[in-house]
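The structure appears below as structure tokens.
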Amino acid sequence: MNTTPRPLLCFGSPEMTDALPLELARHGWVVHDITASDDCVALPKQQDFSVGLVHLDESQLDPATLRRYLESLNELNRGGNQVKWVALVSNAAVASPPIARMITTYFYDYHTLPVDAERLSITLGHAYGMARIGCHGLRPAADRAMQFGMVGHSPGMRRLFGAIQKVGAIGLNVMIRGESGTGKELTAQAIHRLSPRADGPFVAVNCAALPKELIQTELFGHEKGSFTGADRRRVGRIEAAQNGTLFLDEIGDLPLDLQVNLLRFLQEKTIDRIGGSGPIALDVRVIAATHVDLEKAVEEGGFREDLYYRLNVLHLEMPPLRERGEDIELLATHFLRETARAIRPNVKGFSEQALNAIRTHPWPGNVREMINRIQRAVVMCEGDLIRPRDLGLDKDTPNRALMTLAEARAKAEREIIETTLGTVSNNVSKAARRLDISRVTLYRLLEQHAIDWQKKGAA
């Protein structure tokens with residue numbers, strides 16, 4: 001018998017709970033009785049529950065009652081609570097298709113009436129053990145690796161987290177570089193929260209998403225009557241960020257004529273609304289982000305050099321997902337847990353084949369692609385484990401499955417080296433820094449993988 005008291009949420013009718021606590025107490029359980037209407041939020045915050053018991057009977061066969069039960073269970077599982085539920089049901093109830101579906105979707109196990117306290121305690125013990133394994137397994141690993149709303153402990157992410165800490169408290173403008181889907185806006189939000197402007201607004205503008213003819217008024221605002229259709233004054237995004245942070249995403253897509261106006265704002269700290277009578281002084285920190293090579297855009301005349309230097313006072317690099325090998329499985333597990341909890345709690349994890357596909361997929365869309373694929377997989381999954389085809393990765397799986405582990409590592413290593421060399425015009429010194437290895441190591445790998453970088457560019 002387990003002698004350590006274990007807290008148990010008991011969620012059901014008074015008839016079920018009157019005698020049951022005494023019986024379960026003899027098996028080491030401390031029962032906390034709640035109803036659908038009172039303690040669903042308060043009680044779980046006061047104590048850490050791993051297992052709960054729910055009574056389902058014939059009176060709950062109607063859709064409205066079942067819906068209320070589901071809402072209560074979802075409320076209990078919000079805020080990170082991962083309770084393993086065990087249903088207590090009559091034979092008539094378990095034979096009902098609606099309740100059977102509810103049990104298979106939301107419950108770890110079920111126990112039929114009449115209550116056999118010893119057998120029920122064994123069932124609850126299994127649920128408790130599984131919950132505790134989960135608490136000490138992948139979930140804390142993701143929690144420990146999470147900072148600023150981002151999960152990762154790879155070298156690139158550790159460097160990023162350190163850089164965010166450094167630049168947050170400094171009021172200078174910041175440039176965030178990285179491929180689409182790497183989390184540039186999350187990084188900008190983290191910098192804002194760490195800054196003295198944290199109590200002020202954070203205003204995000206996607207320069208690539210705004211129609212060209214509307215960018216001027218969106219950024220700088222207009223006065224009533226300043227043009228046809230201007231039936232009221234409009235405060236622009238820059239002014240809306242007063243005493244806070246303005247995040248200009250995809251700044252490389254800002255038209256040249258608007259770049260002049262933005263430069264003037266950065267220099268003079270004032271803006272002019274369209275149709276306005278005078279300048280408006282503002283105190284706004286600007287964080288810009290781009291996935292394009294702005295230095296090349298400056299050389300080609302597509303981006304103003306003076307604006308580039310105004311924005312690029314401090315800069316951060318977002319590592320692409322393909323360079324975060326040790327984070328990939330951790331991220332996938334984290335997103336699966338978050339998505340399944342909201343959509344389909346019966347989805348428990350990935351099959352081994354799905355994990356192999358996740359590890360070897362190049363993730364061209366980065367973290368955003370991973371989130372989208374996992375959301376789709378949770379919806380499409382037919383069992384409790386996600387398979388490669390649920391993720392849309394099944395076409396690549398057969399060939400990859402034939403590789404040895406050494407072959408897969410060599411293939412991934414070669415691809416990363418070639419991609420990195422391509423992004424730095426085959427400059428070995430820059431590539432070594434980006435890969436976080438020495439030049440000697442990189443030269444050795446170039447020879448090992450027969451990569452003829454000298455024909456493609458200079459060292």
Side-chain angles (χ1 to χ4, degrees), residues 142 145-152 154 156-211 214-215 218-219 236-254 258 262 266 284-294 303 307-308 310-324 327 331 334-335 338-339 363-375:
M146 178 176 284
Q147 292 191 56
F148 314 118
M150 293 177 278
V151 174
S154 60
M157 290 304 291
R158 289 200 299 268
R159 285 194 296 271
L160 175 65
F161 293 153
I164 290 172
Q165 291 279 6
K166 290 177 181 178
V167 306
I170 300 171
L172 301 175
N173 295 334
V174 181
M175 177 71 75
I176 304 173
R177 304 164 185 256
E179 298 175 9
S180 296
T182 50
K184 295 187 287 293
E185 185 167 349
L186 282 176
T187 298
Q189 290 172 344
I191 294 170
H192 171 71
R193 289 195 299 269
L194 289 175
S195 75
R197 301 171 180 271
D199 293 332
F202 177 88
V203 178
V205 181
N206 188 329
C207 299
L210 292 175
L214 297 180
I215 295 180
E218 284 286 335
L219 288 180
R237 304 286 188 92
I238 298 176
E239 189 175 351
Q242 170 70 343
N243 297 319
T245 301
L246 175 70
F247 174 56
L248 297 173
D249 198 8
E250 303 302 351
I251 188 68
D253 293 317
L254 193 67
L258 267 295
L262 181 60
L266 293 173
V284 175
R285 183 187 194 180
V286 176
I287 301 176
T290 182
H291 73 282
V292 303
D293 186 342
L294 283 186
F303 200 84
L307 177 59
Y308 169 76
R310 282 280 179 179
L311 293 171
N312 194 40
V313 181
L314 302 170
H315 65 270
L316 284 74
E317 295 283 344
M318 301 294 301
L321 188 54
R322 63 180 174 275
E323 295 179 8
R324 298 172 53 188
D327 292 340
L331 278 165
H334 169 74
F335 292 134
E338 296 297 309
T339 305
W363 298 109
N366 293 295
V367 178
R368 186 180 298 137
E369 179 193 353
M370 176 179 280
I371 293 172
N372 291 346
R373 285 187 182 274
I374 288 175
Q375 288 176 341

Legend entry - Among Ile215, Val286, Leu248, side-chain contact (heavy atoms from CB on, under 4.5 Å) partner for Leu262: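 Passing option: Leu248.
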Taking atom [atom1] of [X] and atom [atom2] of [Y], what is their separation to the nearest 0.5 Å?
X	Y	atom1	atom2	answer
Thr187	Arg177	OG1	CZ	14.5 Å
Ile287	Met175	CD1	CE	11.5 Å
Leu321	Met370	CG	CE	5.0 Å
Leu254	Leu219	CG	CG	6.5 Å
Met150	Gln189	CE	CD	9.0 Å
Ile176	Leu314	CD1	CG	10.5 Å

Close side-chain approach of [X] to [Y], heavy-atom, < 4.5 Å:
X	Y	result
Phe148	Leu194	yes
Leu294	Ile251	yes
Val367	Met318	no
His315	Val174	no

Minimal non-hydrogen separation, [X] against [Y], with atom names:
X	Y	answer
Phe247	Ala289	CE1-CB, 3.6 Å
Gly200	His192	O-NE2, 3.2 Å
Ile238	Val284	O-CG2, 3.7 Å
Arg310	Asn173	O-ND2, 3.3 Å

Legend entry - Non-neighbouring partners of Glu218 that pass salt bridge (charged side-chain N to carboxylate O under 4.0 Å, His left out), sequence neighbours left out: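 In terms of salt bridge (charged side-chain N to carboxylate O under 4.0 Å, His left out), with neighbours along the sequence ignored, Glu218 is linked to Arg234, Arg237.
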Legend entry - Sequence-distant partners of Arg373, side chain to side chain contact (heavy atoms under 4.5 Å, CB included), two or more places apart: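 Arg373 satisfies side chain to side chain contact (heavy atoms under 4.5 Å, CB included) with His361, Trp363, Glu369, Leu391, Leu393 once adjacent residues are dropped.
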Inset, instruction - Please name all residues satisfying side chain to side chain contact (heavy atoms under 4.5 Å, CB included) with Gln375, sequence neighbours left out, ordered by chain then number. - result: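 Checked Gln375 against side chain to side chain contact (heavy atoms under 4.5 Å, CB included); matches are Thr339, Ile371, Asn372.
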Inset, instruction - Give a yes or no on whether the backbone of Ser154 and the side-chain of Asp327 come within a donor-acceptor separation of less than 3.5 Å. - result: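 At least one qualifying donor-acceptor pair exists.
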Inset, instruction - Determine yes or no for a side-chain-to-main-chain donor-acceptor pair under 3.5 angstrom, with Lys184 supplying the side chain and Ala288 the backbone. - result: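 Answer holds: no.
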Inset, instruction - Sorted by first residue and then second, give each ring pair (Phe, Tyr, Trp, His ring centres under 6.0 Å) pair with at least one member in residues 163-188; sequence neighbours left out. - result: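 Output for this query is empty, none listed.
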Legend entry - Chi angles and distances behind the side-chain contact (heavy atoms from CB on, under 4.5 Å) call for Phe303, Thr290: CA-CA 12 Å; Phe303 200 84; Thr290 182; over 6 Å; no
Without placing hydrogens or testing angles, list every side-chain donor-acceptor pair under 3.5 Å for residues 201-210, not counting sequence neighbours.
from   : atom 1 : to     : atom 2 : distance (Å)
Asn206 : OD1    : Ala208 : N      : 3.0
Asn206 : OD1    : Ala209 : N      : 3.3

Inset, instruction - Could you point out which residue of Glu179, His291, Arg322 forms a side chain to side chain donor-acceptor pair (under 3.5 Å) with Asn366? - result: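 With Asn366 as partner, side chain to side chain donor-acceptor pair (under 3.5 Å) holds for just one option, Glu179.
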Please tabulate, for side-chain N and O atoms in residues 156-172, each donor-acceptor pair with protein atoms closer than 3.5 Å (sequence neighbours left out).
from   : atom 1 : to     : atom 2 : distance (Å)
Arg158 : NH1    : His153 : O      : 2.3
Arg159 : NH1    : Asp436 : OD2    : 3.2

